[in-house]
Amino acid sequence: MEISELSLAKVLRCGQTFRWKNINNVWSFAIQDRIVLLKQDDQRIQYSHIMLENSPLKSQKIQDQETFKFVQDYFNLSINLKDLYTHWTEQHLIHRKGKNSNSPFQAFTGIRILRQDPWETLISFICSSNNNVKRISKMCDNLCLEYGEYINEYEGMKFYSFPAPESLTEDNVELRLRELGFGYRAKYIHQTACKLQDNKDLSVEKLNDLRNQDYQTSHEFLLQLTGVGPKVADCICLMALDKHDVVPVDTHVYQIAVRDYKFKGKGDLKSMTKVIYGAIRLYFKDVFGEYAGWAQSVLFAADLSDLNNGVNISEVESTIKEESTKVKGSKRTIKIEDKVKTEIEVKTEELLEIKTEDELIISENGRTKRIRSESIKLPVSKKIKVEC
DNA sequence: TTTCGACCTCTTAA
DNA sequence: ATTAAGAGGTCGA
């Protein structure tokens with residue numbers, strides 16, 4: 001498995017999934033009957049697992065096969081990324097606005113859309129409204145800890161499965177979730193769980209079957225659930241229901257369309273009307289084709305300066321003085337004093353913050369940002385030019 | 001049928 | 001330190 005086909009560090013941290021943990025360079029994730037463990041180096045990805053405590057006996061060989069099957073399915077490994085990237089790069093060159101920007105598809109390889117469990121994706125993205133990745137992750141963890149089943153332990157950390165729908169239908173769930181910091185989403189989750197329980201028209205079985213239905217049907221089905229609007233519904237369509245061409249639109253994606261591509265924005269930027277939403281979604285589908293949703297996830301990642309929230313940096317050239325190097329957890333602060341012009345390559349799993357007195361010019365992927373007196377976080381595997 | 005404020009909490013910026 | 005804005009939206013008037 002080439003790293004250009006799948007980069008775990010990017011895929012598992014780009015806001016698709018919220019439960020993977022990185023412990024000593026090993027990725028871990030609890031599913032129904034085991035903890036799945038993955039480790040990636042330059043050549044390959046190794047997989048293993050820790051079975052559910054007191055689980056029924058199976059031969060090691062069967063277990064390994066099952067884990068492999070999960071990985072293959074979860075990461076959509078039957079889909080070849082290289083060919084898609086080639087196509088997107090061509091389309092990018094045709095439709096981009098301006099000529100001086102490098103292709104994000106060159107700089108951000110190995111990003112793919114996962115094929116996640118529909119129920120978990122549904123609940124996760126209900127949590128995502130008006131929210132950030134860090135907090136969403138925390139909420140998902142709390143949900144598992146409170147309502148999931150204990151699976152086993154790895155490196156001193158206890159792992160719990162994602163809770164079944166039935167476990168979120170009791171009356172006290174909303175109150176408890178509020179105590180756990182879910183805010184107004186507590187009601188959404190409880191109501192959605194209840195709807196899928198009671199209603200004949202809505203069930204988890206039908207939710208899962210949306211993989212066999214078309215986009216329109218799936219989208220409308222999801223909109224019936226509390227806390228699910230057009231954006232969240234499209235995230236579920238793309239990331240769990242095999243609707244690879246769907247681009248979930250938000251203001252950020254809108255910005256990319258107008259700034260980097262030749263999308264003509266109608267009306268003001270602030271109001272995301274139904275019409276604009278649909279227009280943007282179709283525009284990206286027009287440009288990138290059948291796997292537009294996949295392409296968009298690369299653009300989004302490329303545009304996000306804090307893609308790898310916590311996974312980072314660094315080798316800093318001598319021109320940067322490590323005047324104040326404070327180690328706080330995994331954070332390191334480096335002050336840049338002199339006028340410098342240097343290149344930083346992100347290599348290790350550390351978070352680097354660069355603080356400047358003066359204005360700092362950051363160029364990455366041909367895109368230039370000016371930053372003053374603030375810190376930036378640099379994503380892994382990326383070269384960034386810094387001028388000051 | 002569209003628009004617009006309110007909504008929980010946490011993080012980051014000033 | 002203390003405060004305000006914003007976070008990959010959704011609901012309901």
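In this text, all values refer to a predicted model and were calculated from it rather than measured experimentally. Letters A, B, ... mirror the listed sequences (proteins, then strands); counts begin at 1.
- Here the C1' atom of nucleotide dT10(C) and the CD atom of Gln191(A) are 12 Å apart, to the nearest Å.
- When distances are taken from the side chain of Tyr184(A) to each of dG8(C), dG9(C), dC10(B), the shortest belongs to dG9(C).
- As a whole-Å value, the separation of Asn130(A) CG from dC10(B) P is 14 Å.
- Rounding to whole angstrom units, OH of residue Tyr277(A) and P of dG8(C) are separated by 15 Å.
- A distance below 6.0 Å separates the ring centres of Phe29(A) and Tyr74(A).
- In this structure, the CG atom of Leu223(A) is 8 Å from the P atom of dC11(C), given to the nearest Å.
- Comparing Val253(A) and Thr226(A) by the nucleotide of DNA chain C that holds the closest heavy atom to each, the one mapping nearer the 5' end is Val253(A).
- Note: Trp88(A) and Phe288(A) have perpendicular aromatic rings, judged against thresholds of 30 and 60 degrees for the angle between ring planes.
- When the P atom is used for both dT11(B) and dT10(C), the distance is 23 Å, rounded to whole Å.
- For a distance-only test at 3.5 Å, the side chain of Tyr188(A) fails to qualify as a donor-acceptor partner of the base of dG9(C).
- Remark: the separation of the C1' atoms in dA6(B) and dA5(C) is 16 Å, to the nearest Å.
- Residue Gly183(A) is classed as a base contact, given a heavy-atom separation below 4.0 Å to a base.
- The nearest whole Å value for the distance from the CG atom in Asp250(A) to the C1' atom in dT10(C) is 14 Å.
- Side-chain N or O atoms of Asn152(A) include one that pairs as donor or acceptor with a backbone N or O of Met51(A) at under 3.5 Å.
- Taking the P atom of each, dG8(C) and dT3(B) are spaced 24 Å apart, rounded to whole Å.
- Judged as a salt bridge (charged side-chain N to carboxylate O under 4.0 Å, His left out), and not counting sequence neighbours, Asp209(A) has no contacts.
- Inspection of the Gln224(A) and Glu220(A) side chains reveals no N or O donor paired with an N or O acceptor under 3.5 Å.
- Nearest-nucleotide positions on DNA chain C place Met239(A) closer to the 5' end than the other of Val228(A) and Met239(A).
- Residue Phe125(A) is classed as having no contact, given no heavy-atom separation below 4.0 Å to the nucleic acid.
- Using a 4.5 Å cut-off between side-chain heavy atoms of Ile, Leu, Val, Met, Phe, Trp and Tyr, with links allowed through other members, Trp20(A) and Leu8(A) fall into the same hydrophobic cluster.
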- Check against ring-ring contact (aromatic ring centres under 6.0 Å, His included), His95(A) and Tyr261(A): CA-CA 6 Å; His95(A) 296 279; Tyr261(A) 295 92; 7.7 Å; no

Annotated structure of DNA chain B as dot-bracket, pair cut-off 3.5 Å, Watson-Crick or G-U only, | for inter-strand, is ..|||||.||||||

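- Among the protein residues, Val249(A) comes within range of no part of the nucleic acid, since none of its heavy atoms lies under 4.0 Å from any strand.
- Residues in residues 160-171 of chain A take part in no side chain to side chain donor-acceptor pair (under 3.5 Å) pair, two or more places apart or across chains.
- Regarding Ile189(A), its CD1 atom lies at a distance of 13 Å from the C1' atom of dT9(B), rounded to whole Å.
- Residue Asn131(A) contributes atom CG, which lies 12 Å from atom P of dA7(C) at whole-angstrom precision.
- Distance CE (Met139(A)) to P (dT11(B)): 12 Å, rounded to an integer number of Å.
- The listed nucleotides are dG8(C), dT12(B), dT10(C); the one nearest the side chain of Lys134(A) is dT12(B).
- The Thr273(A) side chain lies nearest to dT3(B) when the options are dT3(B), dT10(C), dG8(C).
- A donor and an acceptor atom sit less than 3.5 Å apart, one in the side chain of Arg185(A) and one in the base of dC8(B).
- Across all strands, Leu225(A) comes closer than 4.0 Å only to sugar-phosphate atoms, never to a base (heavy-atom distances).
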